[in-house]
Amino acid sequence: MTKDMKDPIPMPNTILIIDDDEINRMVLANIFSDSYRIIEASDGEEGIRLLLENFLDVCAVLLDVMMPVMDGMAFLERLRGLGWNGGIPVFLITAEDDTSVLSRAYALGVMDTIAKPVIPYMVRKRVDSVIELFKARKRLRLRVKDQQKQINAQARQIIDLNLGMIEALSTAVEFRSAESGSHVRRIHDITKRLLLDTELGVGLSPESIDIIATAAIMHDVGKIAIPDAILNKPGKLTPEEFEIMKTHTIKGAEFLEKIPQMRNHAAFHCAYEIARHHHERYDGRGYPDGLKGEQIPVWVQAVSLADVYDALVNDRVYKKAYSFDEAARMIEAGECGSFGPRLMAAFRAEEPRLRELYRKEDEDGKGNL
Amino acid sequence: MRMEKAIYDRLTDAGIDVDGALSRVMGNEGLFLRILAKLKKDENFQGLKKAFLEGDREAAFGCAHTLKGICGNVSADRLFELFSEQVRLMRADRWSEAEELMSEIDPLYERLLSALPEQL
(Lines give C-alpha, C1' and ligand atoms only; values in the text may rest on other atoms or scores of the structure.)
Protein backbone atom coordinates (compact mmCIF):
# COMPACT_ATOMS: atom_id res chain seq x y z
CA MET A 1 0.00 0.00 0.00
CA THR A 2 1.45 3.37 -0.96
CA LYS A 3 1.70 6.12 1.57
CA ASP A 4 -0.81 8.51 0.06
CA MET A 5 -3.44 5.80 -0.25
CA LYS A 6 -5.51 6.23 2.87
CA ASP A 7 -6.33 3.09 4.77
CA PRO A 8 -10.13 2.83 4.88
CA ILE A 9 -9.88 1.21 8.31
CA PRO A 10 -7.91 3.02 11.02
CA MET A 11 -4.78 1.01 11.72
CA PRO A 12 -2.53 1.16 14.79
CA ASN A 13 0.58 3.20 14.07
CA THR A 14 2.49 3.54 17.32
CA ILE A 15 5.78 1.81 18.17
CA LEU A 16 6.52 1.23 21.86
CA ILE A 17 10.26 1.23 22.65
CA ILE A 18 11.20 -0.33 25.99
CA ASP A 19 14.89 0.14 26.87
CA ASP A 20 16.59 1.45 29.98
CA ASP A 21 19.34 3.07 27.93
CA GLU A 22 18.39 6.49 26.65
CA ILE A 23 20.86 6.38 23.75
CA ASN A 24 19.37 3.12 22.54
CA ARG A 25 15.91 4.67 22.64
CA MET A 26 17.15 7.72 20.70
CA VAL A 27 18.73 5.53 18.02
CA LEU A 28 15.63 3.34 17.65
CA ALA A 29 13.19 6.25 17.71
CA ASN A 30 15.21 7.98 14.99
CA ILE A 31 14.82 4.94 12.72
CA PHE A 32 11.01 4.97 12.89
CA SER A 33 9.96 8.53 13.74
CA ASP A 34 9.29 9.55 10.11
CA SER A 35 6.35 7.14 9.73
CA TYR A 36 5.29 6.10 13.21
CA ARG A 37 4.32 7.65 16.50
CA ILE A 38 6.89 6.64 19.11
CA ILE A 39 6.32 6.08 22.81
CA GLU A 40 9.16 5.17 25.16
CA ALA A 41 9.49 3.30 28.43
CA SER A 42 12.66 2.76 30.43
CA ASP A 43 11.69 -0.56 32.00
CA GLY A 44 9.19 -3.38 31.63
CA GLU A 45 6.76 -2.07 34.21
CA GLU A 46 6.45 1.32 32.54
CA GLY A 47 6.22 -0.58 29.26
CA ILE A 48 3.20 -2.55 30.47
CA ARG A 49 1.53 0.63 31.66
CA LEU A 50 2.10 2.44 28.34
CA LEU A 51 1.00 -0.58 26.35
CA LEU A 52 -2.27 -0.82 28.25
CA GLU A 53 -2.86 2.91 27.88
CA ASN A 54 -2.22 2.80 24.12
CA PHE A 55 -3.42 -0.72 23.47
CA LEU A 56 -5.37 -0.01 20.29
CA ASP A 57 -2.66 2.19 18.76
CA VAL A 58 0.44 0.05 19.28
CA CYS A 59 1.54 -1.84 16.16
CA ALA A 60 4.88 -3.12 17.46
CA VAL A 61 6.99 -3.33 20.61
CA LEU A 62 10.79 -3.05 20.54
CA LEU A 63 12.04 -4.66 23.73
CA ASP A 64 15.41 -4.65 25.48
CA VAL A 65 16.34 -7.65 27.61
CA MET A 66 18.53 -6.32 30.42
CA MET A 67 16.69 -3.64 32.34
CA PRO A 68 16.24 -2.70 35.99
CA VAL A 69 12.88 -3.05 37.81
CA MET A 70 11.33 -5.39 35.22
CA ASP A 71 13.50 -6.93 32.52
CA GLY A 72 12.47 -8.02 29.02
CA MET A 73 11.70 -11.62 29.95
CA ALA A 74 9.55 -10.60 32.91
CA PHE A 75 7.77 -8.15 30.60
CA LEU A 76 6.97 -10.97 28.17
CA GLU A 77 5.72 -13.21 30.96
CA ARG A 78 3.55 -10.43 32.34
CA LEU A 79 2.19 -9.80 28.86
CA ARG A 80 1.33 -13.48 28.57
CA GLY A 81 -0.48 -13.27 31.88
CA LEU A 82 -2.53 -10.38 30.51
CA GLY A 83 -3.74 -12.57 27.65
CA TRP A 84 -1.30 -11.44 24.93
CA ASN A 85 -0.85 -14.13 22.30
CA GLY A 86 1.33 -12.41 19.73
CA GLY A 87 -1.43 -10.15 18.42
CA ILE A 88 0.96 -7.23 18.76
CA PRO A 89 4.40 -8.22 17.44
CA VAL A 90 7.27 -7.89 19.92
CA PHE A 91 10.87 -7.57 18.70
CA LEU A 92 13.69 -8.33 21.07
CA ILE A 93 16.51 -5.79 20.54
CA THR A 94 19.43 -7.35 22.30
CA ALA A 95 23.17 -7.75 22.54
CA GLU A 96 22.53 -11.19 24.05
CA ASP A 97 24.21 -14.03 22.31
CA ASP A 98 23.10 -16.37 25.05
CA THR A 99 20.99 -18.86 23.07
CA SER A 100 19.02 -19.98 26.13
CA VAL A 101 17.75 -16.39 26.56
CA LEU A 102 16.84 -16.19 22.89
CA SER A 103 15.03 -19.52 22.82
CA ARG A 104 13.09 -18.61 25.94
CA ALA A 105 12.10 -15.32 24.31
CA TYR A 106 10.87 -17.11 21.20
CA ALA A 107 8.96 -19.57 23.38
CA LEU A 108 7.32 -16.58 25.08
CA GLY A 109 6.13 -15.37 21.68
CA VAL A 110 8.56 -12.75 20.38
CA MET A 111 8.31 -12.19 16.65
CA ASP A 112 12.00 -11.71 15.96
CA THR A 113 15.28 -10.80 17.63
CA ILE A 114 17.48 -7.99 16.39
CA ALA A 115 21.12 -7.66 17.39
CA LYS A 116 22.59 -4.56 19.04
CA PRO A 117 24.27 -2.34 18.03
CA VAL A 118 21.53 -2.08 15.46
CA ILE A 119 21.91 -1.70 11.71
CA PRO A 120 19.14 0.82 10.94
CA TYR A 121 17.97 -0.18 7.46
CA MET A 122 17.79 -3.81 8.56
CA VAL A 123 15.76 -3.05 11.69
CA ARG A 124 13.47 -0.80 9.72
CA LYS A 125 12.92 -3.37 6.99
CA ARG A 126 12.23 -6.26 9.33
CA VAL A 127 9.89 -4.34 11.61
CA ASP A 128 8.07 -2.68 8.68
CA SER A 129 7.47 -6.05 7.00
CA VAL A 130 5.92 -7.58 10.08
CA ILE A 131 3.75 -4.53 10.79
CA GLU A 132 2.53 -4.54 7.19
CA LEU A 133 1.76 -8.26 7.45
CA PHE A 134 -0.25 -7.73 10.63
CA LYS A 135 -2.13 -4.82 9.04
CA ALA A 136 -2.93 -6.89 5.96
CA ARG A 137 -4.18 -9.71 8.15
CA LYS A 138 -6.37 -7.34 10.11
CA ARG A 139 -7.75 -5.78 6.92
CA LEU A 140 -8.53 -9.24 5.57
CA ARG A 141 -10.15 -10.31 8.83
CA LEU A 142 -12.37 -7.23 8.85
CA ARG A 143 -13.30 -7.73 5.20
CA VAL A 144 -14.24 -11.36 5.77
CA LYS A 145 -16.35 -10.31 8.74
CA ASP A 146 -18.03 -7.66 6.63
CA GLN A 147 -18.73 -10.09 3.79
CA GLN A 148 -20.05 -12.67 6.25
CA LYS A 149 -22.50 -10.06 7.46
CA GLN A 150 -23.64 -9.36 3.91
CA ILE A 151 -23.96 -13.07 3.14
CA ASN A 152 -26.02 -13.60 6.29
CA ALA A 153 -28.31 -10.72 5.34
CA GLN A 154 -28.73 -12.12 1.84
CA ALA A 155 -29.41 -15.62 3.18
CA ARG A 156 -32.02 -14.12 5.50
CA GLN A 157 -33.62 -12.37 2.52
CA ILE A 158 -33.73 -15.59 0.54
CA ILE A 159 -35.29 -17.46 3.44
CA ASP A 160 -37.86 -14.69 3.90
CA LEU A 161 -38.62 -14.72 0.18
CA ASN A 162 -39.00 -18.52 0.19
CA LEU A 163 -41.33 -18.36 3.14
CA GLY A 164 -43.24 -15.55 1.43
CA MET A 165 -43.69 -17.63 -1.74
CA ILE A 166 -44.77 -20.68 0.22
CA GLU A 167 -47.28 -18.60 2.18
CA ALA A 168 -48.55 -16.91 -0.98
CA LEU A 169 -49.09 -20.24 -2.71
CA SER A 170 -50.78 -21.80 0.30
CA THR A 171 -52.94 -18.75 0.91
CA ALA A 172 -54.02 -18.73 -2.75
CA VAL A 173 -55.16 -22.31 -2.34
CA GLU A 174 -56.93 -21.64 0.96
CA PHE A 175 -58.52 -18.56 -0.53
CA ARG A 176 -60.51 -20.74 -2.91
CA SER A 177 -62.33 -22.24 0.03
CA ALA A 178 -62.94 -18.69 1.32
CA GLU A 179 -60.41 -19.04 4.09
CA SER A 180 -58.09 -16.24 4.99
CA GLY A 181 -54.31 -16.16 4.95
CA SER A 182 -54.34 -16.29 8.73
CA HIS A 183 -55.28 -19.97 8.65
CA VAL A 184 -51.90 -20.99 7.21
CA ARG A 185 -50.12 -18.59 9.57
CA ARG A 186 -51.90 -20.21 12.54
CA ILE A 187 -51.18 -23.76 11.40
CA HIS A 188 -47.54 -22.67 11.34
CA ASP A 189 -47.72 -21.12 14.79
CA ILE A 190 -49.71 -23.91 16.49
CA THR A 191 -47.42 -26.61 15.08
CA LYS A 192 -44.40 -24.68 16.22
CA ARG A 193 -45.76 -24.11 19.72
CA LEU A 194 -46.73 -27.79 20.16
CA LEU A 195 -43.25 -28.95 19.17
CA LEU A 196 -41.31 -26.21 20.94
CA ASP A 197 -43.17 -26.06 24.26
CA THR A 198 -44.01 -29.71 24.94
CA GLU A 199 -42.09 -32.96 25.02
CA LEU A 200 -43.34 -33.75 21.48
CA GLY A 201 -40.35 -31.89 20.11
CA VAL A 202 -37.76 -33.81 22.14
CA GLY A 203 -34.92 -34.69 19.79
CA LEU A 204 -35.83 -31.99 17.26
CA SER A 205 -33.55 -28.96 16.94
CA PRO A 206 -35.15 -25.48 16.85
CA GLU A 207 -34.10 -25.36 13.16
CA SER A 208 -35.93 -28.63 12.41
CA ILE A 209 -39.02 -27.36 14.20
CA ASP A 210 -38.91 -24.19 12.04
CA ILE A 211 -38.70 -26.37 8.94
CA ILE A 212 -41.65 -28.53 10.05
CA ALA A 213 -43.73 -25.44 10.86
CA THR A 214 -42.93 -24.00 7.42
CA ALA A 215 -43.81 -27.30 5.78
CA ALA A 216 -47.12 -27.34 7.67
CA ILE A 217 -48.18 -24.22 5.78
CA MET A 218 -48.37 -26.35 2.62
CA HIS A 219 -50.48 -29.18 4.06
CA ASP A 220 -53.49 -28.38 1.81
CA VAL A 221 -51.81 -27.37 -1.48
CA GLY A 222 -53.44 -30.40 -3.10
CA LYS A 223 -56.78 -28.62 -2.85
CA ILE A 224 -55.73 -26.70 -5.94
CA ALA A 225 -56.80 -29.79 -7.88
CA ILE A 226 -60.24 -30.03 -6.26
CA PRO A 227 -63.14 -28.49 -8.23
CA ASP A 228 -64.82 -25.42 -6.71
CA ALA A 229 -68.18 -27.17 -6.57
CA ILE A 230 -66.81 -29.73 -4.13
CA LEU A 231 -64.40 -27.49 -2.29
CA ASN A 232 -66.98 -24.84 -1.56
CA LYS A 233 -70.10 -27.01 -1.18
CA PRO A 234 -71.95 -25.71 1.87
CA GLY A 235 -73.67 -28.99 2.69
CA LYS A 236 -72.48 -32.52 3.26
CA LEU A 237 -70.45 -34.16 0.49
CA THR A 238 -71.77 -37.24 -1.28
CA PRO A 239 -69.57 -40.37 -1.01
CA GLU A 240 -68.34 -39.76 -4.58
CA GLU A 241 -67.54 -36.15 -3.83
CA PHE A 242 -65.77 -37.12 -0.63
CA GLU A 243 -63.58 -39.59 -2.57
CA ILE A 244 -62.51 -36.72 -4.82
CA MET A 245 -61.94 -34.47 -1.82
CA LYS A 246 -59.69 -37.08 -0.21
CA THR A 247 -57.34 -37.00 -3.23
CA HIS A 248 -56.06 -33.55 -2.15
CA THR A 249 -53.56 -35.37 0.09
CA ILE A 250 -51.95 -37.43 -2.68
CA LYS A 251 -52.29 -34.60 -5.23
CA GLY A 252 -50.59 -32.21 -2.79
CA ALA A 253 -47.64 -34.53 -2.24
CA GLU A 254 -47.32 -35.13 -6.01
CA PHE A 255 -47.53 -31.42 -6.69
CA LEU A 256 -44.70 -30.64 -4.25
CA GLU A 257 -42.63 -33.39 -5.84
CA LYS A 258 -42.99 -31.80 -9.28
CA ILE A 259 -41.46 -28.45 -8.32
CA PRO A 260 -37.68 -28.88 -8.67
CA GLN A 261 -36.91 -25.97 -6.31
CA MET A 262 -39.19 -27.60 -3.75
CA ARG A 263 -37.48 -30.96 -4.07
CA ASN A 264 -34.20 -29.29 -3.06
CA HIS A 265 -35.75 -27.29 -0.26
CA ALA A 266 -34.83 -28.24 3.31
CA ALA A 267 -38.54 -28.48 4.10
CA PHE A 268 -39.42 -30.80 1.20
CA HIS A 269 -39.34 -34.11 3.04
CA CYS A 270 -41.51 -32.70 5.82
CA ALA A 271 -43.86 -30.92 3.44
CA TYR A 272 -44.34 -34.13 1.44
CA GLU A 273 -45.12 -36.21 4.54
CA ILE A 274 -47.46 -33.57 5.92
CA ALA A 275 -49.36 -33.01 2.64
CA ARG A 276 -49.84 -36.74 2.17
CA HIS A 277 -50.54 -37.83 5.72
CA HIS A 278 -52.29 -34.98 7.53
CA HIS A 279 -55.63 -36.88 7.27
CA GLU A 280 -54.30 -40.14 8.65
CA ARG A 281 -55.79 -41.17 12.01
CA TYR A 282 -54.10 -42.70 15.03
CA ASP A 283 -56.69 -45.51 14.97
CA GLY A 284 -55.78 -46.33 11.35
CA ARG A 285 -59.08 -45.16 9.89
CA GLY A 286 -57.69 -42.13 8.09
CA TYR A 287 -56.58 -41.62 4.49
CA PRO A 288 -54.96 -41.97 1.99
CA ASP A 289 -52.71 -44.80 3.32
CA GLY A 290 -54.52 -45.92 6.48
CA LEU A 291 -51.37 -45.48 8.58
CA LYS A 292 -51.85 -46.39 12.21
CA GLY A 293 -50.39 -45.28 15.57
CA GLU A 294 -46.70 -44.52 15.52
CA GLN A 295 -46.52 -45.19 11.77
CA ILE A 296 -47.55 -41.56 11.51
CA PRO A 297 -44.67 -39.25 12.54
CA VAL A 298 -45.69 -37.38 15.67
CA TRP A 299 -45.01 -34.02 14.00
CA VAL A 300 -47.41 -34.91 11.16
CA GLN A 301 -50.00 -35.73 13.82
CA ALA A 302 -49.29 -32.35 15.42
CA VAL A 303 -50.11 -30.64 12.11
CA SER A 304 -53.38 -32.63 11.82
CA LEU A 305 -54.38 -31.54 15.29
CA ALA A 306 -53.46 -27.92 14.54
CA ASP A 307 -55.61 -28.06 11.38
CA VAL A 308 -58.58 -29.54 13.22
CA TYR A 309 -58.33 -27.14 16.14
CA ASP A 310 -58.11 -24.08 13.90
CA ALA A 311 -61.04 -25.30 11.74
CA LEU A 312 -63.19 -25.77 14.85
CA VAL A 313 -62.63 -22.35 16.36
CA ASN A 314 -63.19 -20.52 13.04
CA ASP A 315 -66.09 -20.30 10.62
CA ARG A 316 -66.08 -22.65 7.65
CA VAL A 317 -68.39 -22.84 4.62
CA TYR A 318 -70.02 -25.87 6.20
CA LYS A 319 -70.14 -24.71 9.86
CA LYS A 320 -69.98 -21.82 12.31
CA ALA A 321 -67.11 -21.28 14.77
CA TYR A 322 -67.12 -23.19 18.07
CA SER A 323 -65.86 -21.72 21.34
CA PHE A 324 -62.38 -22.70 22.53
CA ASP A 325 -63.86 -24.75 25.37
CA GLU A 326 -66.17 -26.59 23.02
CA ALA A 327 -63.40 -27.21 20.49
CA ALA A 328 -61.13 -28.63 23.20
CA ARG A 329 -63.95 -30.82 24.49
CA MET A 330 -64.77 -32.17 21.00
CA ILE A 331 -61.13 -33.06 20.34
CA GLU A 332 -60.82 -34.65 23.79
CA ALA A 333 -63.99 -36.69 23.13
CA GLY A 334 -62.57 -37.98 19.83
CA GLU A 335 -65.33 -36.31 17.80
CA CYS A 336 -62.93 -34.76 15.32
CA GLY A 337 -60.37 -37.42 14.63
CA SER A 338 -58.14 -39.79 16.49
CA PHE A 339 -54.87 -38.70 18.09
CA GLY A 340 -52.27 -40.63 20.11
CA PRO A 341 -52.05 -40.27 23.89
CA ARG A 342 -48.71 -38.52 23.71
CA LEU A 343 -50.09 -35.85 21.39
CA MET A 344 -53.25 -35.45 23.46
CA ALA A 345 -51.22 -34.90 26.63
CA ALA A 346 -49.18 -32.24 24.85
CA PHE A 347 -52.32 -30.62 23.45
CA ARG A 348 -53.98 -30.49 26.89
CA ALA A 349 -50.94 -28.77 28.35
CA GLU A 350 -50.52 -26.33 25.47
CA GLU A 351 -54.15 -25.52 24.62
CA PRO A 352 -54.54 -22.52 26.98
CA ARG A 353 -51.49 -20.94 25.35
CA LEU A 354 -52.87 -21.65 21.85
CA ARG A 355 -55.83 -19.43 22.71
CA GLU A 356 -53.30 -16.63 23.24
CA LEU A 357 -52.33 -16.86 19.56
CA TYR A 358 -55.87 -15.88 18.58
CA ARG A 359 -56.15 -13.12 21.15
CA LYS A 360 -52.88 -11.64 19.90
CA GLU A 361 -54.21 -11.80 16.36
CA ASP A 362 -57.33 -9.85 17.32
CA GLU A 363 -55.26 -7.23 19.08
CA ASP A 364 -53.06 -6.90 16.02
CA GLY A 365 -56.20 -6.28 13.97
CA LYS A 366 -55.47 -9.25 11.79
CA GLY A 367 -58.51 -11.25 12.72
CA ASN A 368 -60.49 -13.37 10.29
CA LEU A 369 -61.93 -11.67 7.24
CA MET B 1 25.74 18.50 5.33
CA ARG B 2 29.08 16.99 6.18
CA MET B 3 30.45 17.04 9.70
CA GLU B 4 33.14 19.63 10.46
CA LYS B 5 36.41 18.03 9.42
CA ALA B 6 38.30 18.86 12.61
CA ILE B 7 35.68 17.12 14.74
CA TYR B 8 35.49 14.22 12.34
CA ASP B 9 39.27 13.71 12.54
CA ARG B 10 39.44 14.06 16.31
CA LEU B 11 36.68 11.48 16.81
CA THR B 12 38.34 9.16 14.30
CA ASP B 13 41.66 9.48 16.12
CA ALA B 14 39.90 8.66 19.37
CA GLY B 15 38.69 5.35 17.93
CA ILE B 16 35.22 6.20 16.64
CA ASP B 17 34.16 4.91 13.22
CA VAL B 18 32.36 8.16 12.45
CA ASP B 19 30.82 6.95 9.19
CA GLY B 20 29.51 3.83 10.90
CA ALA B 21 28.08 5.89 13.76
CA LEU B 22 26.41 8.31 11.35
CA SER B 23 24.86 5.48 9.41
CA ARG B 24 23.43 4.12 12.68
CA VAL B 25 21.56 7.41 13.14
CA MET B 26 20.69 7.41 9.43
CA GLY B 27 22.83 10.45 8.73
CA ASN B 28 21.17 12.51 11.45
CA GLU B 29 24.24 14.44 12.57
CA GLY B 30 22.35 16.43 15.21
CA LEU B 31 21.26 13.22 16.84
CA PHE B 32 24.80 11.89 16.72
CA LEU B 33 26.06 14.99 18.55
CA ARG B 34 23.29 14.64 21.13
CA ILE B 35 24.34 11.05 21.69
CA LEU B 36 27.98 12.15 22.13
CA ALA B 37 26.73 14.68 24.70
CA LYS B 38 25.04 11.83 26.60
CA LEU B 39 28.29 9.89 26.45
CA LYS B 40 30.18 12.89 27.83
CA LYS B 41 27.88 13.12 30.84
CA ASP B 42 27.58 9.38 31.35
CA GLU B 43 28.70 8.18 34.76
CA ASN B 44 28.89 4.45 34.15
CA PHE B 45 32.66 4.50 33.63
CA GLN B 46 33.30 6.08 37.08
CA GLY B 47 30.69 3.66 38.41
CA LEU B 48 32.55 0.70 36.92
CA LYS B 49 35.90 1.72 38.44
CA LYS B 50 34.28 2.35 41.81
CA ALA B 51 32.46 -0.98 41.70
CA PHE B 52 35.71 -2.84 41.03
CA LEU B 53 37.35 -0.98 43.95
CA GLU B 54 34.49 -1.93 46.26
CA GLY B 55 34.14 -5.43 44.85
CA ASP B 56 30.49 -4.77 43.96
CA ARG B 57 30.03 -7.31 41.19
CA GLU B 58 26.42 -6.59 40.45
CA ALA B 59 27.09 -2.87 39.97
CA ALA B 60 30.20 -3.64 37.90
CA PHE B 61 28.23 -5.89 35.60
CA GLY B 62 25.47 -3.32 35.12
CA CYS B 63 27.96 -0.56 34.26
CA ALA B 64 30.01 -2.71 31.88
CA HIS B 65 26.86 -3.84 30.10
CA THR B 66 25.66 -0.27 29.63
CA LEU B 67 29.09 0.91 28.44
CA LYS B 68 29.15 -1.90 25.91
CA GLY B 69 25.85 -0.64 24.56
CA ILE B 70 26.94 2.99 24.40
CA CYS B 71 30.24 2.20 22.68
CA GLY B 72 28.39 0.01 20.23
CA ASN B 73 25.97 2.78 19.38
CA VAL B 74 28.69 5.40 18.77
CA SER B 75 30.82 2.85 16.88
CA ALA B 76 33.75 3.12 19.27
CA ASP B 77 34.65 -0.28 17.89
CA ARG B 78 37.71 -1.24 19.96
CA LEU B 79 36.06 -0.18 23.21
CA PHE B 80 32.91 -2.05 22.21
CA GLU B 81 35.00 -5.20 21.74
CA LEU B 82 36.74 -4.71 25.08
CA PHE B 83 33.50 -4.13 27.02
CA SER B 84 31.89 -7.09 25.26
CA GLU B 85 34.82 -9.24 26.34
CA GLN B 86 34.58 -7.86 29.87
CA VAL B 87 30.87 -8.66 30.10
CA ARG B 88 31.56 -12.16 28.80
CA LEU B 89 34.26 -12.71 31.44
CA MET B 90 31.95 -11.43 34.19
CA ARG B 91 29.22 -13.81 33.08
CA ALA B 92 31.76 -16.64 33.18
CA ASP B 93 32.64 -15.57 36.73
CA ARG B 94 36.21 -14.71 35.66
CA TRP B 95 36.32 -11.47 37.65
CA SER B 96 40.08 -10.95 37.95
CA GLU B 97 40.47 -11.24 34.18
CA ALA B 98 37.53 -8.86 33.73
CA GLU B 99 39.19 -6.35 36.03
CA GLU B 100 42.57 -6.74 34.30
CA LEU B 101 40.94 -5.51 31.07
CA MET B 102 40.57 -2.10 32.74
CA SER B 103 44.26 -1.38 32.10
CA GLU B 104 43.52 -1.49 28.37
CA ILE B 105 40.08 0.09 28.58
CA ASP B 106 40.96 3.03 30.79
CA PRO B 107 43.33 4.96 28.46
CA LEU B 108 41.11 4.35 25.44
CA TYR B 109 38.03 5.60 27.25
CA GLU B 110 39.82 8.70 28.59
CA ARG B 111 41.07 9.45 25.08
CA LEU B 112 37.53 9.10 23.75
CA LEU B 113 36.18 11.55 26.35
CA SER B 114 38.92 14.08 25.66
CA ALA B 115 38.19 13.95 21.92
CA LEU B 116 34.57 14.96 22.41
CA PRO B 117 33.87 18.52 21.21
CA GLU B 118 33.98 21.18 23.95
CA GLN B 119 30.63 22.75 23.11
CA LEU B 120 28.56 19.57 23.54
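Just so it is clear: chains get the letters A, B, ... in the order the sequence lines come, proteins before strands, and each one is counted from 1.
Using a 4.5 Å cut-off between heavy atoms, B/N73 touches chain A through backbone and side chain atoms alike. With a 4.5 Å cut-off on non-hydrogen atoms, A/N30 touches chain B through its backbone and its side chain both. Interface remark: B/F32 contributes no atoms to any contact with chain A (heavy atom separation under 4.5 Å). In this structure, the portion of B/S23 lying under 4.5 Å from any heavy atom of chain A is its backbone and not its side chain.
Surrounding CE of A/M165 are at most 12 heavy atoms belonging to other residues, nucleotides or ligands under 6.0 Å away. No more than 12 heavy atoms of other residues, nucleotides or ligands shown are found within 6.0 angstrom of CZ on A/F55. The environment of NZ in A/K125 is sparse: at most 12 heavy-atom neighbours from other residues, nucleotides or ligands sit within 6.0 Å. Other residues, nucleotides and ligands contribute more than 12 heavy atoms inside 6.0 Å of the CZ atom of A/R37. The neighbour count for B/Q46 CD, taken as heavy atoms of other residues, nucleotides or ligands under 6.0 Å away, is above 12.
B/K68 places none of its side-chain heavy atoms less than 4.5 Å from the side chain of A/K116.
Atoms NZ and CG, on B/K38 and A/D21 in that order, are 10.0 Å from each other to the nearest 0.5 Å. Note that OG1 of B/T66 is 12.5 Å distant from CD of A/E22, once rounded to the nearest 0.5 Å.
No other option in A/I119, A/I31, A/L28 has as many heavy-atom pairs under 4.5 Å with chain B as A/I31.
Residue pairs meeting the salt bridge (Lys or Arg N to Asp or Glu O under 4.0 Å) criterion with at least one partner in residues 53-64 of chain B, sequence neighbours excluded, are B/K50-B/E54, B/R57-B/D93.
Counting only distance, with no hydrogens or angles, the side chain of B/R24 and the backbone of A/V27 share no donor-acceptor pair below 3.5 Å.
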